[in-house]
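Report on one structure; see the data block that follows.
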Amino acid sequence: MLTARPRGTTDILPPRSEQWRTLEERFREVCRIWGYPEIILPLFEHAELFQRTVGEATDIVEKELYSFPDRGGRLLALRPEGTAPAARAYLENGLHKGPQPVKLSYVGPMFRYERPQAGRYRQHTQLGIEVFGAAEPAADAEVILVAVEVLRREGLEGLSVRLNSIGCAGCRPAYRETLRHWLHPLLPGLCADCRSRYGRNPLRTLDCKIERCRQALGQAPRTLDALCDECREHFQEVQGRLEGLGLPVTIHPDLVRGLDYYTRTVFEVMHDDLEPSLCGGGRYDGLVEVLGGPPTPAVGFGMGLERVLDLAKTQGRSTRPDLFLAAADEEARPRVFALAVEARRAGLATHFDFGGRSLKAQMKAASRLGVRFSVVLGQRELETGVAVLKNMDSGAESEAPIAGLAGAIGEQRGPTS
RNA sequence: GUGGAUGUAGCUCAGUGGUUAGAGCACCAGGUUGUGGCCCUGGGGGUCGGGGGUUCAAAUCCCCUCAUUCACCCCA
C-alpha cells in the first residue's frame with residue numbers, strides 16, 4: 001500500500017500542528033525560565049548505548065528497539081528514549097569537566113516497536129529535561145516541579161504525582177535478594193509474567209496489575225523499608241521540598257520503572273482521564289559511570305507530547321488571516337496578485353484566488369478562510385485608485401485608497417495578538 | 001507478544017446474498033447584470049482495506065492478510 005503510513009505513526013495536520021508547536025514553545029519557555037537550555041541530539045545512536053544503560057533485559061531494549069546495521073557494519077538503533085543519548089553527549093563533549101550542575105532540555109521523536117493503542121505510538125515525541133552533576137534532593141524536586149509546571153501551563157487539572165524510591169547501588173541488591181526469598185514460596189500462585197520477572201527483575205512483580213498477584217504481593221517487603229540511611233534521608237527531603245511548595249505527592253511503594261538505570265527517586269505524573277502516565281522520570285546516579293565517565297549523580301524526566309496534546313484544551317495560536325483580495329474581472333488579476341504580495345510584505349496574512357473562480361466563489365472562499373477583511377478589485381477600482389474595504393464580520397464597508405490598503409487594515413485590525 | 005471489536009465517498013455512517021452501492025456533512029458549479037454566511041438546483045467523487053474461496057450471483061457467507069481501535073504487557 002503506497003498510501004498507508006507505517007504502523008504506529010501519525011500525520012499531524014492543522015490545526016493540531018498549531019497546538020503541537022504551541023505546546024513546544026511553552027515547554028521551551030518554561031525551560032528558559034527554569035534554566036534548562038536545549039540540547040539537540042541525533043535520532044540514532046549506537047545500539048550498545050541503550051543496551052548498556054536502559055538494560056539488556058528490559059522490554060525497551062529486548063523487544064522494542066529499532067536496531068539495524070548501517071552500510072559500514074555499525075549496529076545502530078533509533079533512540080527509544082532521551083536520557084542515555086543526553087548522558088552520552090554530556091560525556092563526549094566534556095561537559096562533565098565544566099561547571100556543575102549541567103541542566104539540559106530536549107524535544108524530539110523517540111522510537112519503540114510497540115503495539116499501538118491509545119496514547120501509545122511507535123514514533124512518539126518526548127519533552128525532557130536532565131540535570132547532571134547534582135546529588136541534592138533539591139534537584140529531584142526541581143525536576144518534578146518543572147514537569148508539573150509544563151502541564152499546568154497547558155491548563156491541565158486533575159494531575160497527580162506518584163513518587164517512590166528504589167534505593168541505590170548500596171542498598172538495592174540486598175533488597176532484591178530479600179524480595180526474591182520472600183517471593184519464592186508464592187511463585188506457584190503468581191501469573192506467568194511474574195514468574196518470569198522473578199528471575200529477571202523481581203522488583204517488577206510489585207506493580208503487576210493482576211488482582212491475584214496484587215493480593216499475594218500486598219504484604220511484600222517494600223523498597224522504602226529497605227532503603228539505606230542516605231537513601232531514606234534523600235527521599236524524605238525530596239518529599240519535603242515538594243510538600244513545602246504545596247504540591248500534593250502520593251507515595252507509591254509499588255512504583256518501579258522499566259529502565260535499569262534508575263536509582264533512588266522514581267516518579268510519574270498522571271492525569272485523571274488517561275491511563276498511561278503523562279510523564280515519567282527519576283534519578284540515575286550510575287548512568288554516566290556506566291558510559292565510562294566519572295561517578296555523576298543525575299536526575300531527569302521524559303514527557304509524552306502526544307499524550308499531553310490529547311488532554312490539553314489549549315488552542316493553537318490564532319491563524320485567522322487578515323485579508324482576501326478578490327478580482328472582479330480577469331484584467332484585475334495581475335494587480336490582485338501584485339497587491340497580495342505587497343500586503344504580505346507589509347505583514348498582513350493575505351489570500352487571493354489563483355484564477356478562474358467567479359467573484360461570488362471568491363467571496364465564499366474568503367468567508368470560509370475566516371479572513372477579517374476583503375477587498376474587491378476590478379476595472380472601476382483600477383481606474384479610480386480607490387477600493388472598498390469590507391469587514392467580513394460586520395459587513396461594514398469603507399473606502400480606502402488602494403495604495404494605502406495595508407495601513408488602513410492595520411488600523412482597523414488593531415494590534416496583532 | 002496475548003485477547004476483543006472494527007474496516008463502504010474527504011468525514012460520520014446506512015446497506016448482511018439479487019439490477020448501474022446510498023444518505024448527511026464537505027467539495028465544485030449555477031440561482032443573469034461586481035460581493036461571503038442562510039436557502040434552492042445541479043455536479044464530481046467509491047479498488048465496498050487487500051488476496052483467495054463458496055455461489056448462477058458477494059459490500060453482505062468462509063479463510064488468510066494488512067490496518068485501525070480497546071484492554072493486557074510495557075512505557076511517554
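Order of the sequence lines sets the chain letters (A, B, ...), proteins ahead of strands, with each chain counted from 1.
- Checked against U35(B), C74(B), U69(B), the side chain of Pro116(A) finds its nearest nucleotide in U69(B).
- Residue side chain Arg120(A) does not reach the base of C70(B) through any donor-acceptor N/O pair under 3.5 Å, judged by distance alone.
- Contacts of Gly128(A) with the nucleic acid, taken as non-hydrogen atoms under 4.0 Å apart, are absent.
- Base pairing of A23(B): its partner is U12(B), meeting the Watson-Crick or G-U wobble criterion (both donor-acceptor distances under 3.5 Å).
- Shown here, C39(B) forms a base pair with G31(B); the pair counts as Watson-Crick or G-U wobble because both key distances fall under 3.5 Å.
- Position along RNA chain B of the nearest nucleotide to Ser277(A) versus Ala365(A) favours Ala365(A) as the more 5'-ward residue.
- By the 6.0 Å and 45° rule, Arg162(A) does not stack over the aromatic ring of Phe267(A).
- Here the side chain of Arg283(A) pairs no donor or acceptor atom with the backbone of Thr263(A) at under 3.5 angstrom.
- Closest to the side chain of Leu359(A), out of G36(B), G34(B), C74(B), is G34(B).
- At C28(B), one or more side-chain N or O atoms of Arg357(A) fall inside 4.0 Å of OP1 or OP2 (strictly under the cut-off).
- For Tyr284(A) and Glu130(A), the side-chain atoms include at least one donor-acceptor pair closer than 3.5 Å.
- Look at Arg115(A) and you won't find any side-chain N or O under 4.0 angstrom from OP1 or OP2 of C72(B).
- A 3.5 Å limit on both hydrogen-bonding distances identifies no Watson-Crick or G-U partner for A57(B).
- Using a 4.0 Å heavy-atom cutoff across all strands shown, Glu381(A) reaches at least one base atom of the nucleic acid.
- Comparing the P positions of C48(B) and G52(B) gives an interatomic distance of 12 Å, to the nearest angstrom.
- Nucleotides U33(B) and G37(B) have their C1' atoms positioned 23 Å apart, rounded to a whole Å.
- Atom CD in Glu64(A) sits about 13 Å away from atom P in C73(B), given to the nearest Å.
- Using P as the reference atom, A23(B) and G44(B) are 12 Å apart when rounded to the nearest Å.
- Residue contacts for Lys364(A): at a heavy-atom cut-off of 4.0 Å it reaches the sugar-phosphate backbone alone, with no base atom in range.
- Distance noted for atom P between A59(B) and C39(B): 36 Å (whole Å).
- Side-chain atoms of Arg344(A) come within 3.5 Å of backbone N or O of Thr350(A) as a donor-acceptor pair.
- Tyr261(A) and Glu81(A) share a side-chain donor-acceptor pair at under 3.5 Å.
- Glu381(A) contributes a side-chain N or O that, together with a main-chain N or O of Gly378(A), makes up a donor-acceptor pair within less than 3.5 Å.
- Base pairing of G17(B): no nucleotide in any strand meets the Watson-Crick or G-U wobble criterion (both distances under 3.5 Å).
- Straight-line distance from the CZ atom of Arg112(A) to the P atom of C74(B): 13 Å, rounded to whole Å.
- With P as the reference atom, U8(B) and U47(B) are 13 Å apart, rounded to whole Å.
- Residue contacts for Lys390(A): at a heavy-atom cut-off of 4.0 Å it reaches a base atom on one of the strands shown.
- Computed from coordinates, the Asp11(A) CG to G10(B) P distance equals 16 Å when rounded to whole Å.
- Within 4.0 Å (heavy atoms only), Tyr121(A) reaches at least one base atom of the nucleic acid.
- Pairing for U2(B) goes to A71(B), judged as Watson-Crick or G-U wobble with the two contacts each under 3.5 Å.
- The distance between atom CG of Leu389(A) and atom P of G36(B), rounded to the nearest whole Å, is 17 Å.
- For the pair Glu114(A) CD and U69(B) P, the computed distance is 14 Å after rounding to whole Å.
- In this structure, the CG atom of Asp353(A) is 15 Å from the P atom of G36(B), given to the nearest Å.
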### Task
Give the intermediate values and the outcome of side-chain contact (heavy atoms from CB on, under 4.5 Å) for residues Thr296(A) and Asp285(A).
CA-CA 6 Å; Thr296(A) 307; Asp285(A) 289 344; over 6 Å; no
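- Residue contacts for Gln362(A): at a heavy-atom cut-off of 4.0 Å it reaches no nucleic acid atom on any strand shown.
- Across U20(B) and A57(B), the matching C1' atoms stand 16 Å from one another, rounded to whole Å.
- Taking atom C1' on both G10(B) and G31(B), the two are 26 Å apart, rounded to the nearest angstrom.
- Gly370(A) comes within 4.0 angstrom of nothing in the nucleic acid, heavy atoms only.
- At least one test fails for Arg79(A) against the ring of Phe50(A): distance under 6.0 Å to the centre or angle within 45° of the axis.
- Remark on RNA chain B: of its neighbouring residues Thr9(A) and Asp393(A), the 5'-side contact belongs to Asp393(A), judged by nearest-heavy-atom nucleotide.
- For U35(B), neither phosphate oxygen OP1 nor OP2 lies less than 4.0 angstrom from any side-chain nitrogen or oxygen of Ser374(A).
- Heavy atoms of Ala366(A) sit nowhere under 4.0 angstrom from any nucleic acid atom.
- Separating the C1' atom of U19(B) from that of U12(B) is a span of 28 Å, rounded to the nearest Å.
- Rounded to an integer number of Å, the gap from CD of Glu399(A) to P of U35(B) is 17 Å.
- Atom CE in Met363(A) sits about 9 Å away from atom P in G37(B), given to the nearest Å.
- With C74(B), A67(B), G34(B) as the choices, the nucleotide that has an atom nearest any side-chain atom of Arg7(A) turns out to be A67(B).
- Across all strands shown, Leu127(A) has no heavy atoms under 4.0 Å from either base or sugar-phosphate atoms.
- Look at Gln117(A) and you won't find any side-chain N or O under 4.0 angstrom from OP1 or OP2 of C70(B).
- For Arg368(A), a side-chain nitrogen or oxygen approaches OP1 or OP2 of C28(B) to under 4.0 Å.
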